[in-house]
Colleague: 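Attaching a single structure in structure tokens format; questions to follow.
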There are 2 protein chains.
Amino acid sequence: MKSLIKSDTKGRKKVLEPCLEPCPIERGMRLLGAKWKASILWHLKDQPVRFNDLARMIGGASKKMVDQRLKELEAQKMVKRTVLSERPIAVVYQATDFGKSALSVLEPLLKWTEKHHL
Amino acid sequence: MKSLIKSDTKGRKKVLEPCLEPCPIERGMRLLGAKWKASILWHLKDQPVRFNDLARMIGGASKKMVDQRLKELEAQKMVKRTVLSERPIAVVYQATDFGKSALSVLEPLLKWTEKHHL
DNA sequence: CTGTTTAGTAACCTAAAGTAAACTTATGAA
DNA sequence: TTCATAAGTTTACTTTAGGTTACTAAACAG
């Protein structure tokens, strides 16, 4: 993570180990940082929740957003989708163990935000 | 943070305490989650860094981006800008104490990302 | 005289992100 | 019969985020 700057004999500067492509922090942010994503995951951490209930909980987000983020979370194996019944279709979403592991980031984030009144 | 669903006598559902406007997690993410923002802050956590050096370190980001994020971070009091000299203008940026407090989020994020090979 | 450095600005543009509202198919209730 | 529910999908936009390239002005190097 240390990026060193060196000048050559002609005074031209260059960086050793530039953070050229997204470093872990950047990548992590891009995994969790999408709009509403962390909130959604947070709501699924304790109990399975049904789609419409979830959409209602995340009041500010449209169903399309919720749907999109759920699909991403599912693809990342952070959330599991379970069909309870066809016909009157019923579906629940819940955080996987891996999804819950992200709480090691979200919990400090929550604490930090509250502590500083942000 | 608990959003309860209740059905009334007629079976209509509604949510008590909907997460209507961005909850702390969401707000925190929006403060730290912009592209390159966390990376930039990370690079300023130990030593003051000059603008162009920083731009070189964050290889993937354009100067405009770096500049924009620095201004946001400055406005949020997470980074301090210091002019070392006019004429051949020289400027350094460094994380403030508040900026460093965000490491309580970024460090777990880094660990999480690396642990899971993301 | 040309090229480099400093710390940005400005203009322009595109791709992606997000929003709102309507629609679907089937079920159950008043 | 009309309304509400379920879990989305579709359409039709608007917004904004981000990228690219070129430019500034003053100073120094070869």
Side-chain angles (χ1 to χ4, degrees), chain A residues 5-15 20-22 26 29-30 33-40 44 48-74 79-94, chain B residues 5-15 20-22 26 29-40 44 48-74 79-94:
Chain A
I5 309 284
K6 258 208 174 164
S7 303
D8 66 12
T9 47
K10 317 219 162 163
R12 283 185 205 92
K13 290 191 174 181
K14 62 167 163 180
V15 192
L20 231 183
E21 275 331 299
E26 197 58 38
M29 270 301 180
R30 295 187 193 174
K35 210 168 176 183
W36 305 113
K37 204 168 188 179
S39 303
I40 288 175
L44 303 181
V49 181
R50 300 182 58 163
F51 179 82
N52 277 335
D53 289 347
L54 184 60
R56 271 188 288 265
M57 288 168 180
I58 316 291
S62 63
K63 286 166 85 176
K64 182 186 159 195
M65 255 300 93
V66 173
D67 177 63
Q68 198 174 114
R69 290 289 112 88
L70 280 172
K71 280 184 177 142
E72 291 168 17
L73 286 164
E74 212 193 333
V79 157
K80 188 166 169 270
R81 178 182 186 270
T82 312
V83 177
L84 296 182
S85 71
E86 315 273 349
R87 219 33 22 104
I89 182 156
V91 175
V92 284
Y93 291 89
Q94 56 200 309
Chain B
I5 309 284
K6 257 209 176 165
S7 303
D8 67 11
T9 48
K10 316 219 165 176
R12 281 184 205 90
K13 289 191 177 182
K14 64 167 162 182
V15 192
L20 230 183
E21 274 331 301
E26 197 58 39
M29 270 301 182
R30 294 188 193 175
L31 283 166
L32 298 175
K35 210 170 177 182
W36 306 113
K37 203 167 190 179
S39 304
I40 288 175
L44 303 180
V49 181
R50 299 183 57 165
F51 178 83
N52 276 336
D53 289 347
L54 183 60
R56 272 188 287 266
M57 288 168 180
I58 316 291
S62 65
K63 286 166 85 176
K64 180 192 159 192
M65 255 299 94
V66 173
D67 177 63
Q68 199 175 114
R69 290 289 111 90
L70 280 172
K71 281 186 176 140
E72 292 168 14
L73 286 164
E74 213 193 334
V79 156
K80 188 167 170 270
R81 176 181 185 271
T82 311
V83 177
L84 295 182
S85 71
E86 316 273 348
R87 219 35 19 105
I89 184 158
V91 175
V92 284
Y93 291 89
Q94 55 200 308

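The model shown is predicted, which means the values in this text are computed figures rather than measured ones. Values below: every heavy atom of this structure, side chains too, minus hydrogens, waters and symmetry copies. Proteins get letters first, then strands, A, B, ... in listed order; numbering begins at 1 in each.
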Colleague: Going by side-chain hydrogen bond (donor to acceptor under 3.5 Å, both in side chains), name the residues that satisfy it together with E72(A), two or more places apart in sequence or in a different chain.
Modeller: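 Here the qualifying residues are K37(A), R69(A).
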Colleague: What integer distance in Å separates Q68(B):CD from dA7(C):P?
Modeller: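 Value for this atom pair: 19 Å.
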Colleague: If I take atom CG from residue L54(A) and atom CG from residue L70(A), how far apart are they, to the nearest 0.5 angstrom?
Modeller: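 One finds 5.5 Å between CG of L54(A) and CG of L70(A).
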Colleague: Under the side chain to side chain contact (heavy atoms under 4.5 Å, CB included) rule, collect the residues that match up with P88(B), sequence neighbours excluded.
Modeller: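 Scan of P88(B) (side chain to side chain contact (heavy atoms under 4.5 Å, CB included), adjacent residues dropped) gives none.
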Colleague: Whole angstroms only, please: what is the CH2-P distance between W36(A) and dT19(C)?
Modeller: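 Atom CH2 in W36(A) sits about 7 Å away from atom P in dT19(C).
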Colleague: Please state how far atom CG in N52(A) lies from atom C1' in dT27(C), giving the value in whole angstrom units.
Modeller: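 Interatomic distance, CG of N52(A) to C1' of dT27(C): 14 Å.
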Colleague: Check whether any side-chain nitrogen or oxygen of R30(A) sits under 4.0 Å from OP1 or OP2 of dA17(D), and answer yes or no.
Modeller: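 Negative; the distance criterion is not met.
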Colleague: Rounding to a whole Å, what distance do you find between I58(A):CD1 and dT19(C):P?
Modeller: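 That distance rounds to 12 Å.
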Colleague: Give a yes/no on whether any side-chain N or O of R50(A) is located under 4.0 angstrom from OP1 or OP2 of dA7(D).
Modeller: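 Yes, such a contact exists.
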Colleague: Can you find a heavy atom in the side chain of R30(A) that is under 4.5 Å from one in the side chain of K35(B)?
Modeller: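 In contact.
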Colleague: Identify which nucleotide among dT6(C), dA7(D), dG18(C) has an atom closest to any side-chain atom of K35(A), counting heavy atoms from C-beta outward.
Modeller: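 For K35(A), the side-chain atoms sit closest to dG18(C).
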Colleague: Describe, as an angle rounded to 10 degrees, how the axis at the first end of the helix from dA7(C)-dT24(D) to dA30(C)-dT1(D) is tilted relative to the axis at the last end, five pairs per end.
Modeller: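 Answer rounded to 10°: the end axes differ by 30°.
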Colleague: Give the rounded distance in Å between these two atoms: CD1 of I89(B) and C1' of dC28(D).
Modeller: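 Distance check: I89(B) CD1 to dC28(D) C1' gives 17 Å.
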Colleague: Only counting residues at least two apart or in another chain, list the ones meeting side chain to side chain contact (heavy atoms under 4.5 Å, CB included) with E74(B).
Modeller: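 Listed in chain order: R81(B).
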Colleague: Nearest to the side chain of M65(B), which nucleotide is it out of dA27(D), dG8(C), dG18(D)?
Modeller: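 The answer is dG18(D).
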Colleague: Not counting sequence neighbours, which residues clear side-chain hydrogen bond (donor to acceptor under 3.5 Å, both in side chains) with K64(A)? List them please.
Modeller: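 Once residues adjacent in sequence are excluded, K64(A) has no partner under the side-chain hydrogen bond (donor to acceptor under 3.5 Å, both in side chains) criterion.
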Colleague: Quick one: is dA17(C) close enough that its OP1 or OP2 comes under 4.0 Å of any side-chain N or O from R69(A)?
Modeller: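 For dA17(C), neither OP1 nor OP2 has a side-chain N or O of R69(A) closer than 4.0 Å.
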Colleague: Give a yes or no on whether a salt bridge exists between R56(A) and D53(A), defined as a side-chain N under 4.0 angstrom from a carboxylate O.
Modeller: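 Result for this pair is yes, salt bridge flagged.
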Colleague: Please give, in whole Å, the distance from dT5(C) C1' to L84(B) CG?
Modeller: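 The answer, rounded to whole Å, is 15 Å.
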Colleague: Between the protein and nucleotides 9-12 of chain C, which nitrogen or oxygen pairs are less than 3.5 angstrom apart?
Modeller:
residue	atom	partner	partner atom	Å
dT9(C)	OP1	K71(B)	NZ	3.0
dT9(C)	OP2	D67(B)	OD2	3.2
dT9(C)	OP2	K71(B)	NZ	2.6

Colleague: With sequence neighbours left out, what residues match K71(B) under side-chain hydrogen bond (donor to acceptor under 3.5 Å, both in side chains)?
Modeller: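 By the side-chain hydrogen bond (donor to acceptor under 3.5 Å, both in side chains) rule, K71(B) matches D67(B).
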Colleague: With a 3.5 Å distance limit and no angle check, can you tell me whether E26(A) reaches the backbone of W36(B) through a side-chain donor-acceptor pair?
Modeller: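 Checked: pair present.
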Colleague: Report the nucleotide, chosen from dA27(D), dT6(C), dA6(D), that has the shortest atom-to-atom distance to any side-chain atom of P88(B).
Modeller: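 Within the option list, the nearest is dA27(D).
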Colleague: Does a side-chain N or O from R81(A) land closer than 4.0 Å to OP1 or OP2 of dG8(D), or not?
Modeller: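 It does, given that an N or O in the side chain of R81(A) lies less than 4.0 Å from OP1 or OP2 of dG8(D).
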